[in-house]
2 protein chains.
Amino acid sequence: MDQPLTPSYRPLYQQIKDVLLERIVSGEWAPGTFIPSESALAKEYGVSVGTLRKALDALAAEHVVLRHQGKGTVVATHDSDRSLFQFFHLVRLDGTRTLPISRVLIRERRAATAQEAEALGLRLEAAVVHIRRVRELEEVPALLEDLVVSADRFRDLEREPQTLPNTLYQLYQQRFNQSVAHAEERLFAVAAGKEEHRHLGIPSGTPLLEIHRIAKDLQGNPLEFRVSRCETQNHYYLNEL
Amino acid sequence: MDQPLTPSYRPLYQQIKDVLLERIVSGEWAPGTFIPSESALAKEYGVSVGTLRKALDALAAEHVVLRHQGKGTVVATHDSDRSLFQFFHLVRLDGTRTLPISRVLIRERRAATAQEAEALGLRLEAAVVHIRRVRELEEVPALLEDLVVSADRFRDLEREPQTLPNTLYQLYQQRFNQSVAHAEERLFAVAAGKEEHRHLGIPSGTPLLEIHRIAKDLQGNPLEFRVSRCETQNHYYLNEL
DNA sequence: TACAATTTGTGCGTATGTATA
DNA sequence: ATATACATACGCACAAATTGT
């Protein structure tokens with residue numbers, strides 16, 4: 001009747017999956033590179049190909065790796081088409097999806113606020129890097145975005161690289177070996193304030209979509225806390241269930 | 001290089017999956033009932049158990065069926081715990097999730113508007129059933145909701161049953177054999193109007209979350225178009241990616 | 001163009017473990 | 001205890017996609 005908190009055993013394919021994930025997290029298999037073939041890995045771990053397949057299938061289902069018949073299995077990157085829109089849900093009214101262009105307004109190292117520390121699981125006043133950007137879709141300012149990451153994990157991000165790329169998650173992955181795998185988004189409706197008026201060119205008081213996102217790494221640890229305020233006259237937030 | 005629009009062949013397990021789905025859609029296997037065992041179905045279709053398993057696993061991944069070790073495979077219903085929150089994303093600020101109580105304001109048969117006809121794939125002026133409800137979370141009015149369905153597919157819904165249940169999707173499933181399997185939600189931020197002021201007790205102009213949902217059946221045909229306006233002082237819309 | 005080698009995808013069969021009734 | 005059903009694990013054969021010879 002009772003269910004043990006720690007299951008008495010974990011299926012073999014799950015154990016294999018954990019080991020493979022660890023080799024990815026550790027950086028041994030970098031994003032974008034091909035990992036050894038099923039048969040090679042099966043031999044290495046002394047399990048059947050079927051068992052190893054099941055482990056890889058599970059990782060593929062979580063978008064950790066991508067599999068290509070005839071080629072091999074590659075560690076997912078944030079520039080592969082799938083992954084690209086996994087965390088970007090803003091769509092133009094006509095249904096087309098484009099990635100936004102960013103203009104950085106603030107880039108600083110400072111102490112975390114209580115909300116930020118709580119979201120990132122840091123102690124109060126821990127050092128964070130704070131970035132504020134305006135993001136434009138098709139030349140139209142659409143989003144005012146504030147994000148913070150741990151200054152320890154993302155050392156010198158407030159200075160290097162000099163110009164930030166458009167898609168930060170690629171930078172996290174390539175420069176800091178931190179892959180954003182999951183995220184939790186909380187959506188609110190708020191009224192535009194002076195900042196939004198200034199940067200998005202909309203009247204104060206206009207209803208905006210406010211998105212609080214906690215981005216998490218492969219193991220579920222919070223990596224980044226991000227608050228976006230979006231104008232919803234020209235686009236909307238799409239969620240497929 | 002080219003990719004055929006119609007793949008030259010479909011894998012066996014996908015064909016089996018289609019056939020099984022058809023038996024569910026047709027009503028032969030009703031929601032809540034157990035379907036035959038893997039081995040029985042494998043024998044019936046003359047395929048291996050492994051192949052049949054793969055078909056059932058795919059259906060389970062889409063929440064069409066639920067599998068229970070030692071018991072069997074059951075067709076999903078809208079009152080099973082998982083499914084219950086698949087389409088309800090409003091969460092209280094403290095993180096608890098409760099299902100709302102509904103109070104019906106309008107229940108009528110009328111012609112579809114252009115927007116409604118487009119969303120449901122009906123011709124202009126097609127007959128629909130329109131329902132407006134106020135939904136309360138923990139005694140607090142949180143949502144003003146308008147929904148329309150085809151009056152043909154949901155015959156007499158404007159009259160029977162006399163009192164509508166709280167979770168309409170269960171009714172759709174039990175009374176009309178229409179299962180909501182997928183949905184597409186589009187989120188906007190809007191200002192509260194007089195109706196929201198009256199029914200939700202909030203000042204006009206308050207920013208609200210507006211959710212346009214198109215609910216689809218197992219085959220992807222639109223079943224219901226729903227517009228919800230939600231107050232986000234006491235709760236938020238949660239999306240896990 | 002043809003062919004071979006490699007890698008993942010599909011399909012079959014079997015044995016054993018675990019959960020349920 | 002027994003029977004049933006799903007879950008895990010093994011092994012093998014062949015198909016399909018990719019790459020290089």
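Excluded from the calculations below are hydrogen atoms, water molecules and symmetry mates; all remaining heavy atoms, backbone and side chain alike, are included. The sequence lines fix the lettering, A, B, ..., with proteins before strands; numbering per chain opens at 1.
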Report task. Would you check if A:Asn234 and A:Val140 make a side-chain contact, meaning some heavy-atom pair closer than 4.5 Å? Result -> yes
Query raised in the report: Among side-chain atoms of A:Tyr237 and B:Asn239, is any donor-acceptor pair under 3.5 angstrom?
Result: yes
Query raised in the report: With a non-hydrogen cut-off below 4.0 angstrom, is A:Val47 in contact with a base, only sugar-phosphate, or nothing?
Result: sugar-phosphate
Query raised in the report: Would you say the side chain of B:Gln69 and the base of C:dT18 hold a donor-acceptor pair, judged only by whether the two atoms sit under 3.5 Å apart?
Result: yes
**Report entry** Integer-rounded Å distance: C:dT14 P and B:Glu38 CD
**Finding:** 16 Å
Query raised in the report: Within a strict 4.5 Å, meaning less than it, do heavy atoms of the A:Val227 and A:Glu145 side chains meet?
Result: no
Query raised in the report: Within the distance-only criterion (no hydrogens, no angle test), does the side chain of B:Thr167 pair as donor or acceptor with the backbone N or O of B:Tyr169 below 3.5 angstrom?
Result: no
Query - Length of the CD-C1' vector between B:Gln15 and C:dG11, whole Å - result: 12 Å
Requested in this report: Name the residue closer to the 5' end of DNA chain D, choosing between A:Ser48 and A:His68 according to the nucleotide with the nearest heavy atom.
Outcome: A:Ser48
Query raised in the report: Can you check whether B:Thr51 has a side-chain N or O nearer than 4.0 Å to OP1 or OP2 of C:dC12?
Result: yes
Report task. Mind calculating the distance between OH (B:Tyr9) and C1' (C:dT10) to the nearest angstrom? Result -> 6 Å
Query raised in the report: What is the distance from NZ of B:Lys43 to P of C:dG13, rounded to the nearest Å?
Result: 12 Å
Report task. Assign A:Gly50 to base, sugar-phosphate, or nothing according to its heavy-atom contacts below 4.0 angstrom with the strands shown. Result -> nothing
Report task. Kindly say whether A:Ser102 contributes a backbone atom to a donor-acceptor pair with the side chain of A:Asn166 at under 3.5 angstrom? Result -> yes
**Report entry** Nearest-angstrom distance from the residue atom OH of A:Tyr13 to C1' of C:dG17
**Finding:** 13 Å
Report task. Report yes or no: do B:Ser150 and B:Asp152 form a side-chain donor-acceptor pair below 3.5 Å? Result -> no
Report task. Taking only the side-chain nitrogens and oxygens of B:Lys71, find out if one of them lies under 4.0 Å from OP1 or OP2 of C:dA21. Result -> yes
Report task. Please give the nucleotide sitting opposite C:dT1 as a Watson-Crick or G-U wobble pair, both distances under 3.5 Å, or none. Result -> none
Query - A:Arg213 bridged to A:Glu184 by N-O distance under 4.0 Å - result: no
Report task. For A:Thr73, report the nucleic acid contact type (base, sugar-phosphate, nothing); a contact means any heavy atom under 4.0 Å. Result -> sugar-phosphate
Query - Below 4.0 Å: OP1/OP2 of C:dG9 and any side-chain N or O of A:Arg53 - result: yes
Report summary line: A:Asp57 CG to C:dG9 P, in whole Å, measures 7 Å
Report task. Can you tell me the distance, in whole Å, between the NZ atom of B:Lys54 and the P atom of C:dG11? Result -> 7 Å
Query raised in the report: Separation of B:Arg67 atom CZ from C:dT20 atom P, in whole Å?
Result: 15 Å
Query raised in the report: What do you reckon, is CD of A:Glu139 surrounded by more than 12 foreign heavy atoms closer than 6.0 Å?
Result: no
Query raised in the report: Is any NZ, NE, NH1 or NH2 atom of the basic residue among B:Lys54 and B:Glu38 found under 4.0 Å from an Asp or Glu carboxylate oxygen of the other?
Result: no
Report summary line: DNA chain D: first to last nucleotide in contact with chain A (atom under 4.0 angstrom from a heavy atom), 5' to 3', is D:dT8 to D:dT19
Query raised in the report: Can you tell me if A:Ser228 and A:Glu210 form a side-chain donor-acceptor pair at under 3.5 Å?
Result: no
**Report entry** Positions of residues 22-35 of chain A (non-hydrogen atom under 4.0 Å from DNA chain C), listed by number
**Finding:** none
